[in-house]
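Worksheet for the structure shown next.
Model, not experiment: these values are computed from the prediction.
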Amino acid sequence: MSSFSSKDPSALSYPKSLLSIVTTVGGLAVFLILASSFLVSQPIGAAVHEYFYGVHQLTRPNLLGDRVTFADPRRNDVGINGTPNFNLTAEENNEKGLEDEKDQTSKSQDKKKEPDSKGELVENSTQIPVLSESNHSVVQSHPESKQEDEKSNNVSSHKESKIEGILPSSDTHSEDIKSSSTRPISVNQAKLDPECDLYHGKWISDQSGPLYRNDSCPVLTQMQNCQGNGRPDKDYENWRWKPAQCELPRFDPKKFLELMRGKTLAFIGDSVARNQMESMLCILWQYEVPKNRGNKRMQRYYFRSTSTMIVRIWSSWLVNQTSGPLDFAPAGVVKLHLDVPDDGFMQYIPQFDVVVLSSGHWFAKQSVYVLNNEIVGGQLWWPDKSRKMKVNNVEAFGISVETILTAMATHPNFSGITIVRSFSPDHYEGGAWNTGGSCTGKVKPAEDGELAENGFTNIMHEKQFSGYTRAIKKKNNKSALLFMDITGVFAYRHDGHPGPYRSPDPNKITKRGPDGKPPPQDCLHWCMPGPVDTWNELVFDLVRREFERRQSNAS
């Protein structure tokens, strides 16, 4: 009978093999658990993203708290905090993603209507009275901002007649460099942003060409399609803005979409806001064709690669408006409640990450100004001359800016970025839009000595910045409030407007008549491609730096 011996190697081989297998499997399990935990907290993709963009992709600040995201565009529920989710189905859209908008002057008191299909103004006056201390109306300017629909021959402007004057000159290094270092209405941006003053610099010739072509963007409004409408020169497309203290990178659509991954950018305001929004879409379109998810309330374009949404909402004045009778103001005249933000878009604010606001030019239109439910002034409307008007159009603009920016800066459910694009200058020289003003023949940026000072633009810019500074003092949420000061920079770009090239009509008049009278033209909106694309390069840079600032503060 055999007996077990500890010295028998065959008897020990099986238990040793089993022990080895158990040890190996256990060690591998521990390794996988540790490795998984590490990858979840520090993904390689985030490190690469941070290297290229300066923003940690997966640990970036949550700009909207618990907002509804657009990662699943099929959602059709209601967002948290009671905010409506506007991810509607594509069947609700029309071809442009926005049903015809009606003129806002016809709004009812209880139900808002949109402007015409391009969000344009309808002309109803030729002069803007600005009050003196004696309460007498003084015709100072005509900043009427109206843009025709495609069948109309009328054009918009917010402009007063110019006050001719020569600004102090600065050194010009070459013929292809235009300096804005001496512009008289600039904000001291160094106090706002010590890292880099983006708004003092030079327009430099750049023959690398525009970011897109007029025939490569299907959403470009025909009135801003200057090349498609027959404008013979193209050099206005070949200038870049160069800040004096830093570089403003050329817009990279791929990097922008990556920066805005899972986020929403909203342009809110008038037809100039539409001009900028279409510029943004045209740039991004060159990298990816978005899906149109617009509806009658807003235009929305969804970029699948990064779940990024670009939105536009029409709001003429950015404050609430009614048309019913109020005190001695009859029904039918628009009442602007200067101390109440426009509820047509405020309900959506918690769902936005970046908001770009545009306003000012509609303060040329007929309207009644209301504060605390009391009529305090009016534009092109003041029937009882015995009553003293307390607020004129430029003062009303300043109040409206403070109102909307305070609402953004104190909104309990908004922690995103609000960018206030400063008042966009027009270039009607020699008169207003309907009194012989013209920008025809301007083919390159202005020299310092060519600038005509525009008193109305200056005061509107001043009132806007004052409203912004007052709102900043009231800010109590985690949002950022930024002032994008393009007014002085774009005073030099009298070459960037459509002028008489507002339609593809081959029979349109583009030359002055025998009496020297210029043809109808648009010297307010901007050609696309053209200088307006620089606005979005500035937006890109502001958003990137704000994200980096937040990331730095969080680390």
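Scanning both residues, His411 and Pro350, for their nearest heavy atoms gives CE1-CG, 3.6 Å. Of all non-hydrogen atoms in Val311 and Met298, the two that sit nearest each other are CG1-SD, 3.9 Å. In this structure, Phe456 and Asn393 approach most closely via the heavy-atom pair CE1-ND2, 3.9 Å. For the pair Pro253 and Ile283, the tightest heavy-atom approach, listed with the atom from each and the gap, is CB-O, 3.8 Å. Between Gly360 and Asp270, the shortest heavy-atom contact is N-OD2, 4.2 Å. Arg502 and Asn229 make their closest contact through C-ND2, 3.3 Å (heavy atoms, listed as atom of the first residue, atom of the second, distance).
A search for side chain to side chain contact (heavy atoms under 4.5 Å, CB included) contacts involving Pro341 returns Met346, Thr403, Ile404, Ala407, not counting sequence neighbours. The ring-ring contact (aromatic ring centres under 6.0 Å, His included) check on Trp381 picks up Phe328, with sequence neighbours excluded. Not counting sequence neighbours, the partners of Phe397 by the ring-ring contact (aromatic ring centres under 6.0 Å, His included) test are Phe363. Residues meeting the side chain to side chain contact (heavy atoms under 4.5 Å, CB included) test with Pro531, sequence neighbours left out: Phe490, Arg493, Trp526. Applying the ring-ring contact (aromatic ring centres under 6.0 Å, His included) criterion to Phe251, with sequence neighbours excluded, gives Phe256, Phe540.
Remark: the backbone N or O of Thr264 is paired with a side-chain donor or acceptor of Asp353 at under 3.5 angstrom. Judged purely by atom type and a 3.5 angstrom limit, Asn536 uses its side chain to pair as donor or acceptor with the backbone of Gln276. For Ser466 (side chain) and Glu462 (main-chain N/O), a donor-acceptor pair under 3.5 Å exists by modelled atom type. Looking only at distances, a side-chain donor or acceptor of Asp533 sits under 3.5 Å from a matching main-chain atom of Gly530. The backbone N or O of Ile486 lies less than 3.5 Å from a partner atom in the side chain of Ser422, making a donor-acceptor pair. Checked by atom type and distance alone, the side chain of Asn477 pairs as donor or acceptor with a backbone atom of Phe414 at under 3.5 Å. Within the 3.5 Å criterion, the main-chain N or O of Phe423 finds a donor-acceptor partner in the side chain of Gln464. Formation of a donor-acceptor pair under 3.5 Å by the Lys508 side chain with backbone atoms of Ser503 is found in this model. A donor-acceptor contact shorter than 3.5 Å links the side chain of Trp241 to the backbone of Leu198. Remark: side-chain polar atoms of Lys475 are paired, donor with acceptor, to backbone N or O of Ser479 under 3.5 angstrom.
A cation-pi contact, defined as under 6.0 Å to the ring centre and within 45° of the axis, links Arg293 to Tyr302. By the 6.0 Å and 45° rule, Arg274 does not stack over the aromatic ring of Trp314. Geometrically, Arg297 does not engage Phe345 in a cation-pi contact, judged by NZ or CZ lying under 6.0 Å from the ring centre and within 45° of the ring axis. A cation-pi arrangement, defined by a distance under 6.0 Å to the six-membered ring centre and an angle within 45 degrees of its axis, is absent between Lys463 and Tyr468.
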Decide side chain to side chain donor-acceptor pair (under 3.5 Å) for Gln379 and Ser367; before the verdict, give the C-alpha distance in whole Å, the side-chain angles of both, and the deciding distance to 0.1 Å. CA-CA 5 Å; Gln379 169 61 17; Ser367 50; over 6 Å; no

Could you go through the side chain to side chain donor-acceptor pair (under 3.5 Å) check for Thr306 and Glu258 one step at a time? CA-CA 6 Å; Thr306 58; Glu258 194 62 49; over 6 Å; no

Walk me through whether His461 and Asn458 qualify under side chain to side chain donor-acceptor pair (under 3.5 Å). CA-CA 5 Å; His461 177 272; Asn458 290 358; over 6 Å; no

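Proximity of the aromatic rings of His337 and Tyr369 is defined here by a centroid distance below 6.0 angstrom, and this criterion is not met. Taking the six-membered ring for Trp, His427 and His497 have ring centres closer than 6.0 Å.
Counting only residues at least two apart or in different chains, salt bridge (charged side-chain N to carboxylate O under 4.0 Å, His left out) contacts with residues 317-340 are absent.
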